[in-house]
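Here is the structure we will look at, set down as structure tokens.
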Number of protein chains: 4
Amino acid sequence: MAEPQPKTQTKTRIQAINEDIILSAALEVFSAFGYRGSTVDQIAERAGMSKPNLLYYFHRKDDIYRAVLEKTLAQWLTPLRGLDPNGEPLAEIARYIRAKMAMSRDNPKASRLFANEMLHGAPAIGDFLSGPMKVLVDDTARIIKTWIAKGQIAAIDPYHLIFSIWAMTQHYADFDIQVRAVLGADSEHFADAETTIIRLIQDGLKPRS
Amino acid sequence: MAEPQPKTQTKTRIQAINEDIILSAALEVFSAFGYRGSTVDQIAERAGMSKPNLLYYFHRKDDIYRAVLEKTLAQWLTPLRGLDPNGEPLAEIARYIRAKMAMSRDNPKASRLFANEMLHGAPAIGDFLSGPMKVLVDDTARIIKTWIAKGQIAAIDPYHLIFSIWAMTQHYADFDIQVRAVLGADSEHFADAETTIIRLIQDGLKPRS
Amino acid sequence: MAEPQPKTQTKTRIQAINEDIILSAALEVFSAFGYRGSTVDQIAERAGMSKPNLLYYFHRKDDIYRAVLEKTLAQWLTPLRGLDPNGEPLAEIARYIRAKMAMSRDNPKASRLFANEMLHGAPAIGDFLSGPMKVLVDDTARIIKTWIAKGQIAAIDPYHLIFSIWAMTQHYADFDIQVRAVLGADSEHFADAETTIIRLIQDGLKPRS
Amino acid sequence: MAEPQPKTQTKTRIQAINEDIILSAALEVFSAFGYRGSTVDQIAERAGMSKPNLLYYFHRKDDIYRAVLEKTLAQWLTPLRGLDPNGEPLAEIARYIRAKMAMSRDNPKASRLFANEMLHGAPAIGDFLSGPMKVLVDDTARIIKTWIAKGQIAAIDPYHLIFSIWAMTQHYADFDIQVRAVLGADSEHFADAETTIIRLIQDGLKPRS
DNA sequence: AATGAATGAGTGTTCATTCAT
DNA sequence: CATGAATGAACACTCATTCAT
């Protein structure tokens with residue numbers, strides 16, 4: 001029953017572990033200081049290894065950056081995939097908003113890394129945007145259009161609906177510092193924000209009588 | 001009849017002109033590459049002057065950065081100031097959204113500069129956030145609460161309403177590259193986005209019968 | 001029988017060697033041009049290494065400077081420590097003068113480095129002056145006072161005696177160029193100077209009958 | 001009886017005044033920081049004029065430096081000129097020491113400027129040293145030799161006697177910071193030092209019976 | 001798999017000096 | 001006489017990357 005081990009492993013155990021450590025460290029650093037603002041030294045220190053050793057795994061700074069981005073993007077799209085065309089639209093969208101909001105709360109660094117890329121013109125993930133991401137958005141927009149066609153929700157531009165949801169949910173990760181400056185450092189604002197956003201969207205989508 | 005010339009000018013003509021040129025160039029560069037990603041050389045080149053000459057006006061890179069931020073922040077808050085407590089709430093808010101959206105369309109670089117500061121923890125404008133900005137947000141929230149108390153709009157958390165509007169409108173400046181990757185480069189999406197956002201918000205604010 | 005090698009060396013062989021090379025080069029350069037007049041490039045070139053490599057060992061120019069000073073100060077105070085309270089005063093002092101003179105002859109660069117620091121207000125070694133150096137001078141003055149009290153030497157201010165000896169001996173290192181301009185480049189003036197100084201001091205210290 | 005004014009003045013009143021102001025400022029700055037450690041800006045500021053204006057009077061930094069040195073050297077040699085061959089030797093030398101000491105006390109900056117030049121190899125006044133200064137020293141040495149020949153003072157190397165006097169007196173200007181670190185900041189040590197030095201020298205010069 | 005050592009190409013900043021007025 | 005503006009050349013220091021072991 002056990003998977004047969006290949007004779008020549010492409011990756012040793014320690015390699016896989018170290019790459020994970022590096023990518024975690026890199027996410028911390030890159031999300032906090034941006035690409036140019038981060039140094040390989042910083043990442044190496046946070047990863048608890050020497051700079052040359054780090055570069056043994058990822059030969060250039062750019063490689064580390066792209067690897068982190070790639071890993072991040074994968075999990076980033078996950079919630080969007082879950083829209084069920086046959087589900088109840090408002091419930092489906094509420095579920096989606098909750099999933100997005102959970103990402104912002106639980107993984108704000110990934111959100112900020114992503115936002116930083118966008119802000120600077122997406123030099124590393126331009127292909128991703130016009131490729132897989134566009135496909136996914138188009139698919140999702142199609143589902144929404146079906147709902148509209150069936151009269152299940154009000155007629156609204158599905159693309160801008162998606163963008164609005166993204167914007168509102170990611171805001172609490174990306175502009176966290178601003179939110180905290182206004183609402184106070186320890187306030188539990190994620191729950192309130194979620195309620196407000198879901199209500200705004202659901203009210204906006206209710207079919208007109 | 002001639003305007004009397006002040007004997008001691010604090011700034012010469014050429015000084016004012018050059019400072020303006022520098023700040024424009026700096027906005028371009030900083031908004032595109034972030035603080036650390038920008039070099040004084042880049043700014044100088046775009047400003048059409050030598051690096052030492054640029055530093056003759058602003059002694060350190062940081063000074064340029066703060067000057068641009070300051071100039072930007074001033075205009076950034078402008079639309080928020082306009083909420084009229086005695087106006088018709090839904091119309092007032094629609095007007096506000098349009099003003100915000102216009103800023104995103106007409107001055108996306110300022111928006112990205114600001115977003116970049118937030119993303120990196122607002123090292124340069126922390127005081128501004130917890131100071132003038134918080135005051136302004138609190139004032140605005142108070143107006144909205146009044147409207148709610150009078151039953152003019154539905155009961156909704158005013159702070160998260162404000163954040164949502166900010167998020168949705170700024171998104172089209174900050175994530176411009178992503179929007180364009182999905183909707184196409186030359187699509188005139190600002191108008192559609194505005195319509196969608198206004199509708200979402202207005203529907204969400206309509207008082208329950 | 002073999003000496004056990006310590007597992008964790010704090011300094012590698014090459015590190016110790018290079019630091020020595022750097023400090024030698026730095027003494028040459030700093031003593032010739034002063035702190036501000038010396039460039040890291042100069043020191044690196046004289047040390048036979050690249051500037052970044054030099055800064056790999058001493059992170060800032062100031063670190064190099066302080067390291068040289070510290071190393072120099074240690075050997076600088078050595079002769080003063082040798083005054084034996086129970087020795088014959090005139091012989092003790094003659095020995096001291098000879099030791100000081102030898103330092104000026106054999107290590108004039110250290111003397112000039114030190115003199116330069118003094119001239120500019122001792123920004124880097126102010127603490128040393130009012131700390132260890134003052135203690136040592138006070139101790140020495142006390143010995144001299146004992147000799148005076150016992151009637152072994154004439155009553156003279158011990159502090160100014162010490163300063164005078166320092167001044168006369170160091171002069172041949174610090175003002176070397178002037179001495180050579182007057183006495184000729186290759187004249188062996190150190191020996192004559194020593195004789196003269198010892199005689200002046202000894203005659204001045206002979207107890208009055 | 002009045003000196004006729006030349007029609008075309010080589011120097012206007014204001015020119016002479018400003019040059020004096022500049023040289024005073026330059027002495028302050030150069031003596032404190034050395035040549036390379038001083039900036040034209042610093043001198044201009046202390047002189048209360050703009051940098052270009054300062055450079056209107058002295059075209060290059062080096063010109064200012066040389067002018068200060070020259071002015072300083074003139075007054076520096078003054079006391080040495082005063083040795084009267086026919087005076088009483090011990091009294092003459094005591095007078096000389098007092099004059100030298102007065103210079104150290106009243107014009108320590110000039111002393112330090114001069115010392116700094118020597119320390120760094122006298123790049124600007126090498127000619128002066130082997131020229132006028134050597135002549136003066138030789139002359140003075142000749143007078144001393146005459147005294148020795150007449151049996152008025154003990155046989156001692158006149159050159160090293162001169163150097164010793166210079167060293168001891170200048171020490172209190174050049175190493176002022178060190179002296180103050182040991183003797184205390186406000187102690188009036190110049191008088192004591194003078195007494196000590198005169199006594200050392202006079203005792204050393206008393207003819208042997 | 002890991003690290004100490006080394007370096008070329010920047011990067012912000014200073015400064016003497018010149019230019020134009 | 002005086003000054004605001006401008007710049008080339010340096011200079012301290014950083015950083016991604018490579019080399020040797």
Side-chain angles (χ1 to χ4, degrees), chain A residues 12-15 17-18 35-44 48-65, chain B residues 9 11-15 17-18 35-44 48-65, chain C residues 9 11-15 17-18 35-44 48-65, chain D residues 12-15 17-18 35-44 48-65:
Chain A
T12 66
R13 184 149 206 73
I14 194 164
Q15 254 176 348
I17 290 174
N18 273 343
Y35 181 77
R36 285 285 302 272
S38 306
T39 73
V40 178
D41 264 314
Q42 272 178 302
I43 301 171
M49 62 182 72
S50 71
K51 183 163 55 167
N53 196 22
L54 186 155
L55 289 168
Y56 169 79
Y57 293 99
F58 297 90
H59 296 295
R60 9 210 90 248
K61 185 186 183 184
D62 205 64
D63 293 348
I64 315 173
Y65 184 65
Chain B
Q9 281 181 273
K11 266 190 201 178
T12 66
R13 182 150 209 72
I14 197 164
Q15 243 174 0
I17 291 174
N18 274 342
Y35 181 78
R36 287 283 302 270
S38 306
T39 73
V40 177
D41 265 315
Q42 273 178 302
I43 302 172
M49 61 182 74
S50 70
K51 182 163 57 168
N53 196 25
L54 186 156
L55 289 168
Y56 170 75
Y57 293 99
F58 295 90
H59 295 293
R60 8 211 90 246
K61 185 187 182 182
D62 205 64
D63 293 347
I64 315 173
Y65 184 65
Chain C
Q9 282 180 273
K11 266 190 202 178
T12 66
R13 183 148 209 73
I14 197 164
Q15 243 174 1
I17 291 174
N18 274 343
Y35 180 78
R36 287 284 302 270
S38 305
T39 72
V40 177
D41 265 314
Q42 272 178 302
I43 301 171
M49 62 182 73
S50 71
K51 182 164 54 170
N53 196 24
L54 187 154
L55 290 168
Y56 171 74
Y57 292 99
F58 295 90
H59 294 294
R60 6 211 92 246
K61 186 187 182 182
D62 204 64
D63 293 347
I64 315 173
Y65 184 65
Chain D
T12 66
R13 183 149 208 73
I14 194 163
Q15 253 176 349
I17 290 175
N18 273 343
Y35 181 77
R36 285 285 303 271
S38 306
T39 73
V40 177
D41 265 314
Q42 272 178 303
I43 302 171
M49 63 182 71
S50 71
K51 183 163 53 167
N53 196 22
L54 186 154
L55 289 167
Y56 170 78
Y57 293 100
F58 298 90
H59 296 296
R60 8 209 90 247
K61 184 186 183 183
D62 205 64
D63 293 348
I64 315 173
Y65 184 65

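Convention: sequence-line order gives letters A, B, ...; per-chain numbering from 1.
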Inset, instruction - Send over the distance from Ile43(C) CD1 to dC11(F) C1', rounded to a whole Å. - result: 12 Å

Inset, instruction - Starting from C1' on dG4(E), measure out to CG on Leu54(A) and report it in whole angstrom. - result: 16 Å

Inset, instruction - Measure the distance from CG on Asp62(D) to P on dT17(E) and round it to the nearest whole Å. - result: 8 Å

Legend entry - Residue-phosphate contact under 4.0 Å: Arg60(B) side-chain N/O, dG12(E) OP1/OP2: no

Legend entry - Residue matched to dA20(E) through Watson-Crick or wobble contacts both under 3.5 angstrom: dT3(F)

Inset, instruction - Report yes if a donor N or O on one partner sits less than 3.5 Å from an acceptor N or O on the other, where the partners are the side chain of Lys51(C) and the base of dT7(E); otherwise report no. - result: no

Inset, instruction - Would you mind reading off the distance between Leu55(B) atom CG and dT14(E) atom P, rounded to a whole angstrom? - result: 8 Å

Legend entry - N or O in side chain of Tyr56(A) less than 4.0 angstrom from dA1(E) OP1/OP2: yes

Inset, instruction - Let me know the distance between CZ of Phe58(A) and C1' of dT18(F), rounded to the nearest Å. - result: 19 Å

Inset, instruction - Determine, stepwise, if the pair Lys51(A) / Thr39(A) fulfils side-chain contact (heavy atoms from CB on, under 4.5 Å). - result: CA-CA 10 Å; Lys51(A) 183 163 55 167; Thr39(A) 73; over 6 Å; no

Legend entry - Listed nucleotide nearest any side-chain atom of Pro52(C), set dG8(F), dC15(F), dC19(F): dC15(F)

Inset, instruction - Just call it for Tyr57(D): base, sugar-phosphate, or nothing, with non-hydrogen atoms closer than 4.0 Å on any strand. - result: sugar-phosphate

Inset, instruction - When you get a sec, tell me which of dA16(E), dA1(E), dG12(E) is the closest nucleotide to the side chain of Lys61(B)? - result: dG12(E)

Legend entry - Interatomic distance, Lys61(B) atom NZ to Leu55(B) atom CG [nearest 0.5 angstrom]: 11.0 Å

Inset, instruction - Given side-chain contact (heavy atoms from CB on, under 4.5 Å), test Asp63(D) with Arg60(D) step by step and report yes or no. - result: CA-CA 5 Å; Asp63(D) 293 348; Arg60(D) 8 209 90 247; 3.1 Å; yes

Legend entry - Side-chain N or O of Asn53(C) closer than 4.0 Å to phosphate OP1/OP2 of dA5(E): no

Inset, instruction - Find the distance between CD1 (Ile64(A)) and CD1 (Ile43(A)) and round it off to the nearest 0.5 Å. - result: 4.5 Å

Inset, instruction - Please state how far atom CG in Asp41(A) lies from atom P in dA16(F), giving the value in whole angstrom units. - result: 7 Å

Inset, instruction - Could you pick out which residue, Arg36(C) or Ser50(C), lies toward the 5' side of DNA chain E when each is mapped onto its nearest nucleotide? - result: Ser50(C)

Legend entry - Heavy-atom side-chain proximity of Asp62(B) to Tyr35(B) below 4.5 angstrom: yes

Legend entry - Given DNA chain E, 5'-ward residue of the pair His59(B) and Asn18(C), judged by closest heavy atom: Asn18(C)

Legend entry - Value in whole Å for how far the C1' atom of dC15(F) lies from CD1 of Ile64(A): 13 Å

Inset, instruction - Just compare dA16(F), dA1(E), dA9(F) and give me whichever is closest to any side-chain atom of Gln15(A). - result: dA1(E)

